Protein chains: 2
Amino acid sequence: MATITDVAKEANVSVATVSRVLNKKNSVKPETVERVQKAIEKLSFEPNMSARNLRRNETRVILIIAPNITNPYYSHILAGIGDAANESKYSALIYNTSGDIAREKAGLEMLKKKRADGAILLANGMNSTWIQEYSKEYPIVQCSEYALKLDIPRISIDNYKAATDVMNYVIGLGHKRIATISSSNNYVSTALRLQGYLDSLKCHDLEIHKEYISMASVDYSFKSGKSCAYELLQQKYRPTAIFCISDILALGAITAASELGIRVPEDLTVIGFDDVDNTTMFHPYITTIAQPCYELGKESFRILNACMNDEKGINKKIVLPHKFIIRESSAPISI
Amino acid sequence: MATITDVAKEANVSVATVSRVLNKKNSVKPETVERVQKAIEKLSFEPNMSARNLRRNETRVILIIAPNITNPYYSHILAGIGDAANESKYSALIYNTSGDIAREKAGLEMLKKKRADGAILLANGMNSTWIQEYSKEYPIVQCSEYALKLDIPRISIDNYKAATDVMNYVIGLGHKRIATISSSNNYVSTALRLQGYLDSLKCHDLEIHKEYISMASVDYSFKSGKSCAYELLQQKYRPTAIFCISDILALGAITAASELGIRVPEDLTVIGFDDVDNTTMFHPYITTIAQPCYELGKESFRILNACMNDEKGINKKIVLPHKFIIRESSAPISI
DNA sequence: ATGAAAGCGCTAACAG
DNA sequence: CTGTTAGCGCTTTCAT
């Protein structure tokens, strides 16, 4: 592997000049530049990043801490981050934690070890003080989920607004017995959507029924959506609408309904959330809130990049617009 | 940020000794070790990777070149690679190329730049000579897809065998008019599955009909599976079985059948491939070949790691077992 | 068992 | 415009 010294010799210049050419400083005579470039070509030289990083004290690598890259919601965000990073000549080191705190820690440790310049956190289980501490020393942004009390940059949609959008629509359709399939995880998104559900009900003078609030598994699985819906729909006064906090859950609910002989949307309105999972693969196509996952990822990188460049006046709390998409799984109340 | 020198001062030893403690050389007096560890703790020192990498001439980073991390087939492989890498204290740098050759190149360049020690290629569009060249200088393994003629380590299932497994089963069910939905991409997996289809037919003295061989889009989309199935099923002598080279395609085919009033599996047998995409979310559950994606990923890392350690006698062509899973979308011929 | 010192490949200040 | 040189933080001989 050729080094900068080899190139310098080959081109009959000093290493400093080669370095200048490498870094496009314009204080080099054009003909010298050319000679150096020929030497670089000839030796097929590529600068050693470890050396450069050591010297420059940066890595041009960002860290992504993700709970589960297998989840399409996250993988789309990842794609967005990756593309944005790439445009700015950054590489992405991905830590798939599977919710394992030890791996989250190991991941963030990479910041201390100078293996990465900054990190993007996609939903993490770390207790707040931990992150806060890191955030003081290193550029960190939270994407999609975040610690409510912490003053760390974050990018997300307005989950509360999205939930009230859904509820206003459903209530506008004439529904009064509206259930929700939420989850027992501790994400802000979940809490805010539930709050939106509750507040909307209150706001429209509709009663809140404990029996209409169902908690799915923390991973929003199809199965658990289905079983939640089963319980919901087998009550004496069964709901005429179900607001699910994920599409997979909605898919499960629709399946449960179909197995119980309840038609969607004629007898039951089902609303999803995210618009990533096959919402238009089977009929009824699902009415849902679409999140701009890819953009969420891109924006996360943009903010992180701004932080890494110590830019002032960065908006620390970015809210990206969601879209409410009405499709086939919702309809005015019929009874 | 504390450096090794700070620690040395704090512990009243030389940097060499600190380094020895860091690297667990056993030639340090236990009490000295303790003193050093206390200093490390106190200063919350973490070794600078750039410096270590430069000195050791390694990075403990591997590169993953993937066409589309959003595709669940790949994301599961990625998860496997990530976990295996993690166990061996490697980090994974993921390059999502979107099929863009320039990005593949940029990715592999990281090897030259010493940002990574080795690479795993998941389906790539590079022309063979390119990869071959890299492979001579750096540890590279191909996962799942590979260049047939190249002598570069690879991990995959036996696609040909899998296809003949499917065909033997379908033929055993009494089907004679068997179609396939393949793709116009140029993956070995596609070619081998098609070959398995053709050879099985020949082997059982069944005629090969051009009209029964349909080419879906290169990305195996649901839509294209559906439209292929439409064409297939609207022929005069329509097939009674369709072997699809992906589950999404099979899902599309089933949807097409249902829209045409053709029952699956009573009137039509549909077989999928991969077993990653919602094969058991809707009825009929899909009969399919399950690929050990996660294991494919893990094994890829194992082989790469062996290559990086210059281990001799590594099996360069690993074939992992697939599983044929019979579910609801297939049945004996009824007519 | 420990320390001194060289040097990995690069960048950047300084000098000319 | 170009060269000389001092490190960046670490590992690793070579002494002692």
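Fair warning: this is a prediction, and the values are worked out from it, not measured in the lab. Per chain, numbering begins at 1; letters A, B, ... match sequence-line order.
Distances shown here put every side-chain N or O of A:N53 at or beyond 4.0 Å from the OP1 or OP2 atom of C:dC10. Here B:K114 does not reach the OP1 or OP2 of C:dC10: none of its side-chain N or O atoms lies under 4.0 Å away. Remark: A:T3 is not in phosphate contact with C:dG9, judged by side-chain N or O atoms under 4.0 Å from OP1 or OP2.
Taking atom CZ of residue B:R115 and atom P of nucleotide C:dG9, one finds them 17 Å apart after rounding to whole Å. D:dC10 atom P lies 11 Å from atom CG of B:N23, rounded to whole Å. Note: CZ (B:R55) to C1' (D:dT11) measures 4 Å, nearest angstrom. Rounded to an integer number of Å, the gap from CG of B:L54 to C1' of C:dC10 is 8 Å. Taking atom CG of residue B:N57 and atom P of nucleotide D:dT12, one finds them 11 Å apart after rounding to whole Å. With rounding to whole Å, A:E58 atom CD is found 13 Å from C:dC10 atom C1'. For B:R56 and C:dC8, the CZ to C1' distance is 13 Å, given to the nearest whole Å.
B:K113 comes within 4.0 angstrom of nothing in the nucleic acid, heavy atoms only.
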Which pairs of donor and acceptor atoms, one on a side chain in residues 16-24 of chain A, lie under 3.5 Å apart (sequence neighbours left out)?
unit_1	atom_1	unit_2	atom_2	d
A:T17	OG1	A:S14	OG	3.4
A:S19	OG	A:N23	ND2	3.4
A:N23	OD1	A:R56	NH1	3.3
A:N23	ND2	A:S19	O	2.8

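For the side chain to side chain donor-acceptor pair (under 3.5 Å) test, residues two or more places apart in sequence or in another chain that qualify with B:N159 are B:R193. Among residues two or more places apart in sequence or in another chain, the ring pair (Phe, Tyr, Trp, His ring centres under 6.0 Å) test is passed with A:Y90 by A:F301. Among residues two or more places apart in sequence or in another chain, the side chain to side chain contact (heavy atoms under 4.5 Å, CB included) test is passed with B:E46 by A:E109, A:K112, A:K113. Partners of B:R302 by side chain to side chain donor-acceptor pair (under 3.5 Å), not counting sequence neighbours, listed by chain and number: B:E299. Evaluation of the side chain to side chain donor-acceptor pair (under 3.5 Å) rule for B:S144 yields B:Y73 as partners, not counting sequence neighbours. Legend: residues meeting salt bridge (charged side-chain N to carboxylate O under 4.0 Å, His left out) with A:R60, ordered by chain and number and at least two apart, are A:E58. Every side chain to side chain contact (heavy atoms under 4.5 Å, CB included) that A:T97 has, sequence neighbours left out, goes to A:I65, A:P67, A:R103, A:E104.
Sorted by first and then second residue, the salt bridge (charged side-chain N to carboxylate O under 4.0 Å, His left out) pairs involving residues 307-319 of chain A (not counting sequence neighbours) are A:D151-A:K317.
In the helix from C:dA1-D:dT16 to C:dG16-D:dC1, the terminal helix axes, each the rotation mapping four pairs' C1' atoms onto the next four within five end pairs, subtend 40°, rounded to 10°.
For the segment residues 38-51 of chain A, the set of residues with a heavy atom within less than 4.0 Å of an atom of DNA chain D is empty.
Screening A:N315, A:V319, A:V141 for a side-chain contact (heavy atoms from CB on, under 4.5 Å) with A:I155, the sole residue that qualifies is A:V141.
Nearest heavy atom pair, residue A:Y134 against residue A:L111, reads CD2-CD2, 4.5 Å.
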Polar atoms only, N or O, under 3.5 Å: list the protein pairs with nucleotides 2-5 of chain D and their distances.
unit_1	atom_1	unit_2	atom_2	d
D:dT2	OP1	A:T32	OG1	2.4
D:dT2	OP2	A:K29	N	2.8
D:dT2	OP2	A:T32	OG1	3.4
D:dG3	OP2	A:S14	N	2.9
D:dG3	OP2	A:S14	OG	3.3
D:dG3	OP2	A:T17	OG1	2.8
D:dG3	N7	A:R20	NH1	3.3
D:dG3	N7	A:R20	NH2	3.4
D:dG3	O6	A:R20	NH2	2.3

